[in-house]
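Below is one structure, written out as structure tokens, with a few remarks after it.
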Amino acid sequence: MTTLQSSTLVCSSASRGIRATLQAPKLRHLSMPKLPMRDLVEELNMRIGYTTTTQIEMKPQTTTTTSTRDDDGTSSSTVISELYAIMESVADRVEMHTNIGEQRDNWNHLLLTSINAITVAAATMAGIAASGGMGAPLVALKLSSTLLYSAATGMLLVMNKIQPSQLAEEQRNASRLFKQLHGKIQTTLALRTPTPMDVKDAMAKVLALDKAYPLPLLGTMLNKFSATVEPAVWWPQLRGPAEQEGLGGKTERNGWSEKLEEEMRDIVGVLKRKDTQEYVRLSKIVLKINKILAISGPLLTGLAAVGSAFVGSPHGSWAVFLGVVAGALASVVNTLEHGGQVGMVFEMYRSSAGFFRLMEEQIESNLKETEVERRENGKLLEMKVALQLGRSLSELKDLAASSSRNGKATEEFGSKLF
């Protein structure tokens, strides 16, 4: 009896074990946590690798997203988007000025070659007509020579008015300066969070460059033969350093000392007395030469046209002299002016004077700020000035010391680059 009960218990426990192994365990329902939604602009900034000041605070069962805002209520993401829009516009201007600069450089070469060919052909016809032509051939040669000289005169007047070589140099300068502005905007976005003041500065610089180096020829073209020569100005009026956002890395007294202030004043004095004044003087000399050549070329072709019209007349000897010699001289003058790119040289000197004028204003705007902490970092400014002048820091200090000792008698220029 006992044996039967024990076997019954073993069988029942075995059957329960079998049923337990056949029943699959119930799986618990897994729920994925919901990801916080991002603002569209923030998502774009994250994708391109730029991190904004947006902070996400994770709390139990709540997610709060806060964006930093400036004093005027503009969010940092909006400022960043505006700067990116300006940067795209600047990149487009770089491409436009580069293409138009190449086009106007081609104008210079093509017009120079064409006018010289026309002038030589007209002089040749005038010489052939004077060598013994009679009747219809003489009239044809005279008329052809006169028409060619007249065409050359008209083309020279237009070419001397617009100065294609100077136009090309203007566009090259504009392209370089827009590239420089593009790089500065990229640096601002990489180093710190931009502010609405950065957007205003960038906009003002773009508009100032547009005004200094216009693209159209009609209406807004710069006067190529102005009565006075001034350094080129491509920057907006500099705001006081008190309105500017300072850069990081400030040291004691923001990198400034009385010795550095005196050194910067001496550097400004050298730039004013030597570099800026020298390039303005050179600009005036080149402008005078360009004016003489611009007047002489059309005048000579005009005289040659008159002379060729009177070939074969009772005063034919003087007519031939004018028709041939004046035409040859016109080709020489035209080659000197446009082949030598005198207009480009003038614009190069004027831009160099503007470069030194900008350096002077940047240094003086910092020195005029009485609160040292509101200035640009002194050590950083000193390094920028040294690089722009092509000098080491020790050479910059030597230049300032030499200027303070000798005053106006110093013969050394500030820049070693050009």
Side-chain angles (χ1 to χ4, degrees), residues 93-94 96-98 100-105 107-108 112 159-181 204-238 267-295 336-364 385 388-390 413-418:
R93 279 171 167 80
V94 170
M96 285 193 297
H97 283 282
T98 300
I100 292 178
E102 293 176 357
Q103 177 200 53
R104 291 174 181 175
D105 189 48
W107 283 1
N108 186 61
L112 172 62
M159 191 177 183
N160 293 344
K161 175 67 176 178
I162 65 175
Q163 293 290 315
S165 65
Q166 187 173 344
L167 289 174
E169 180 66 14
E170 290 173 4
Q171 301 310 312
R172 284 191 287 265
N173 286 335
S175 179
R176 176 180 60 83
L177 293 169
F178 272 116
K179 286 180 182 178
Q180 189 180 83
L181 178 58
K205 289 177 180 178
V206 169
L207 296 177
L209 278 171
D210 287 340
K211 183 178 179 182
Y213 300 105
L215 288 170
L217 286 178
L218 300 177
T220 59
M221 183 182 70
L222 299 178
N223 185 8
K224 300 301 183 289
F225 300 99
S226 58
T228 59
V229 177
E230 294 291 338
V233 177
W234 60 82
W235 59 92
Q237 183 177 2
L238 295 180
I267 296 299
V268 170
V270 172
L271 294 178
K272 284 183 177 180
R273 291 192 304 270
K274 300 295 294 184
D275 297 76
T276 304
Q277 185 176 350
E278 176 67 11
Y279 279 103
V280 170
R281 184 184 68 84
L282 292 174
S283 299
K284 291 179 180 179
I285 293 174
V286 175
L287 181 60
K288 290 179 180 178
I289 295 173
N290 200 23
K291 283 181 179 179
I292 294 172
L293 294 175
I295 294 172
L336 286 175
E337 181 182 7
H338 299 290
Q341 299 191 356
V342 180
M344 181 274 292
V345 175
F346 167 73
E347 183 62 28
M348 181 181 65
Y349 285 151
R350 196 174 73 95
S351 298
S352 299
F355 171 78
F356 294 118
R357 175 70 61 82
L358 176 60
M359 287 187 63
E360 295 167 15
E361 292 188 9
Q362 288 175 337
I363 296 173
E364 288 176 341
V385 171
Q388 288 172 337
L389 296 180
F413 286 90
S415 176
K416 285 189 173 182
L417 289 178
F418 49 87

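What you see is a predicted model; the values in this text were computed from it and never measured.
Using modelled atom types, one side-chain atom of Asp275 and one backbone atom of Ser415 make a donor-acceptor pair closer than 3.5 Å. Remark: the backbone N or O of Pro214 is not paired with any side-chain donor or acceptor of Thr220 at under 3.5 angstrom.
The 12-atom threshold is exceeded at NZ of Lys291, counting heavy atoms of other residues, nucleotides or ligands nearer than 6.0 Å.
The aromatic rings of Tyr279 and Tyr349 are tilted relative to each other, their planes meeting at an angle between 30° and 60°.
The closest side-chain donor-acceptor pair between Trp235 and Gln362, if any, does not fall under 3.5 angstrom. Under the 3.5 Å distance criterion, with hydrogens and angles disregarded, no donor-acceptor pair is assigned to the side chains of Thr98 and Gln171. Neither side chain, Glu169 nor Gln341, offers a donor N or O lying under 3.5 Å from an acceptor on the other. Remark: the Asn160 side chain and the His338 side chain contain an N/O donor-acceptor pair separated by less than 3.5 Å.
For the pair Ser283 and Phe346, the tightest heavy-atom approach, listed with the atom from each and the gap, is O-CD1, 3.3 Å. Across Val233 and Ala212, no two heavy atoms sit closer than the pair O-CB, 3.4 Å. Heavy atoms only, all atoms of each residue included: Pro231 and Thr276 are closest at CG-CG2, 4.3 Å. Listed here is the closest heavy atom pair of Tyr213 and Ala232: OH-CB, 4.2 Å.
You'll find the ring centres of Phe178 and His97 inside the 6.0 Å limit.
We find that Glu364 and Lys272 are joined by a salt bridge, their nearest charged nitrogen and carboxylate oxygen being less than 4.0 Å apart.
For the side chain to side chain donor-acceptor pair (under 3.5 Å) criterion with Asn290, the lone passing option out of Lys224, Gln166, Gln163 is Gln163.
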